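Worksheet for the structure shown next.
All values reported here derive from a predicted model rather than from experimental measurement. Every chain is numbered from 1 and lettered A, B, ... according to where its sequence line falls, protein lines coming before strand lines.
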Amino acid sequence: MPQEGSSPVPADAHSLPQEREQRIAKARKLAELGRAPYGRAFARTGTLAEVRAAFEPGRVVRVAGRLMTIRNMGKSVFADLRDGTDRFQVFASRQQMGEEPYDVFKLLDTGDHIGVEGELMLTRTGEQTVRVDKWTMLSKALLPLPEKWHGIKDPEARYRRRYLDLISNPEVRARFDLRSRIVRELRSFLWSRGYTEVETPMMQPAPGGALARPFETHYSALNASMYLRIAPELYLKRLLVGGYDRVFELNRNFRNEGLSKTHNPEFTMLEAYEAYSDMRGMMRLVQDMILHVARTVKPEGPLEFGSGDQRVDMAPPWREAAYRDLIVEKMGPDWYELDRARAGERAAALGLDIAPQMDLSEITHEVYEKAIEKTLMAPTFVTRLPREFVPLARTCEDDESVVDVYELVIQGKEISPGYSELNDPLDQRRRFEAQVGKERHRMDEDFLAALEQSMPPAGGMGLGVDRLVMILAGSEAIRDVILFPQLRQKPEAVPDAAAGTGER
RNA sequence: GGACGCUUAGCUCAGCUGGUAGAGCAUCUGACUCUUAAUCAGAGGGUCGCGGGUUCGAAUCCCGCAGCGUCUACCA
């Protein structure tokens, strides 16, 4: 296995010509000395945080963690151990441990995992410390840690090797812990409201529930094309038909579209449906839910998130504004009397790109999306959207030209749409047929059959979980709230994967 | 998808108008029994993203490619 000095070095070893070899040699040496470099379970007195909380000098404890720093003083060594909860200093001395175990201890490198048994003590400077009596090798690190002071900064390395980002940037770990809490609170809120969580297919024969390009895959056993879902909507509605009055799913959707600061091809979506409710009921639900989560994240003080011009005040009541009113507010009371040319000029004056083929309602929508929506910082329910932009939604009772929908905008981002769901199967069929012409989506006959079985009137809502986390965490990029964001594949894998195998 | 920018040691970064590459941390050797970015002395480590071109000579200039970033486009 070891390469002869004269034989060519494996290509991937170039990246770490020396240190990795040294660490492998140390692992071998440890093994020779009877200390397996990769250990098994280690019974701990508790986590480092627990041991710190119950600190008592003289008490014997067993702790484990990753060695983060080592300060070698000759006949004694101070080192910092870290686990998922805390950092804790350990102190090893030749006098205490005996010559041989102490010398072996000095084979350790930063990055290694070890288990330690010994008495708790206070150093002269008052730092809580474990004095090592015995220690166990748990796992030898062959690769060095990122720079201890500056950490890892290169964005590409941070995303591709997120484990290093998590090790060296504590605020990153804190942000993902926050995400976990948010997700948990969303669930517990809905459970407390009597909702049942379900899981519906992610692989679907006919992707529906939204207008988006799907990912396509192939199911060999059936020799059939399948699609990763773009939304769970049509399955959740089947469950309304099946008698679930309150149902939600919190899981991944996939859309075959571009990457951006606010778009990842797989993203986490919450969808909830409530029988006998409507869009108004869902407005109340989503407001209560987001306020509940925000309060959990920030238990006291004003409900403000983000900073600078992205600062958001979530304090209720949240504004509700009809689409048309927002337009008039921005473009003047005569906007809807303008002809196409005048409207185009006025929109262009705002710096918008108005293409010649755009009609009045398209120009208006461009104004909404580019000049209005982005400026809505505080939570705003935009209602009564023009039906041509939400073709599958139910129209308002008092005005057939607008739909009974809300779109919740926070910090200029669409966070949550809500609907009074369509339950007329023949109407739904007509609208699907109109869509199938434009999009290449297949008609979901099975779903239409379910509707024909009678679906109760219902309110439905969606919530972009990643974006909610962005707002509550004060992150400006979706990649900062997704552990492993989608990146292009590199021709070569991350360094060292194949080193030593003799391949490549 | 388009425009612009970046890519130098394991990590964080210098490197001028082209003259054969540096620092700190990490690593190795030595000293050191209360340190905490330990300290002190010494050493090793680089296909300068990849491929081509210009030139006596390229990390540096030119072209192509890749990855990443920013803005932009589609979308939640």
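Judged by Watson-Crick or G-U wobble contacts below 3.5 Å, the nucleotide B:C32 has no partner. Base pairing of B:G1 is made with B:U72, judged by Watson-Crick or G-U wobble geometry with both donor-acceptor distances under 3.5 Å.
Using a 4.0 Å cut-off, no side-chain N or O of A:Arg131 falls inside it from OP1 or OP2 of B:C34. For the pair A:Arg488 and B:A66, the criterion of a side-chain N or O lying under 4.0 Å from OP1 or OP2 is not met. Contact check, A:Arg71 against B:U35: no side-chain N or O comes under 4.0 Å of OP1 or OP2. Under 4.0 angstrom from either OP1 or OP2 of B:U70 there lies no side-chain N or O belonging to A:Lys261.
For B:U20 and B:A58, the C1' atoms lie 10 Å apart once the distance is rounded to whole Å. B:G15 and B:A31: their P atoms are spaced 39 Å apart (whole Å).
Of the candidate nucleotides B:U12, B:A37, B:C68, B:U12 has the atom lying nearest to any side-chain atom of A:Lys153. Of the candidates B:U35, B:A38, B:U33, B:U35 carries the atom nearest the A:Glu127 side chain, counting heavy atoms from C-beta on. Listed nucleotides B:U27, B:G67, B:C11 differ in distance to A:Arg23; the shortest reach to its side chain belongs to B:U27. Set against B:U33, B:G10, B:U35, the side chain of A:Phe91 has B:U33 as its closest nucleotide.
At the heavy-atom level, A:Leu164 lies nowhere under 4.0 Å from the strands shown. When heavy atoms are screened at a 4.0 angstrom cut-off, A:Met121 is found touching base atoms of the nucleic acid. Within 4.0 Å of A:Glu414, counting heavy atoms only, lie sugar-phosphate atoms of the nucleic acid but no base atom. Counting non-hydrogen atoms under 4.0 angstrom, A:Asp154 reaches the backbone sugars and phosphates but no base.
Judged by distance alone, with hydrogens and angles left aside, A:Glu156 brings no side-chain donor or acceptor close enough to the base of B:U7 to form a pair under 3.5 Å. Counting distance only, with no hydrogens placed and no angle test, the side-chain atoms of A:Thr123 and the base atoms of B:U35 include a donor-acceptor pair under 3.5 Å.
Taking all atoms of both residues into account, the shortest heavy-atom contact from A:Arg175 to A:Val481 is CD-CG1, 4.1 Å.
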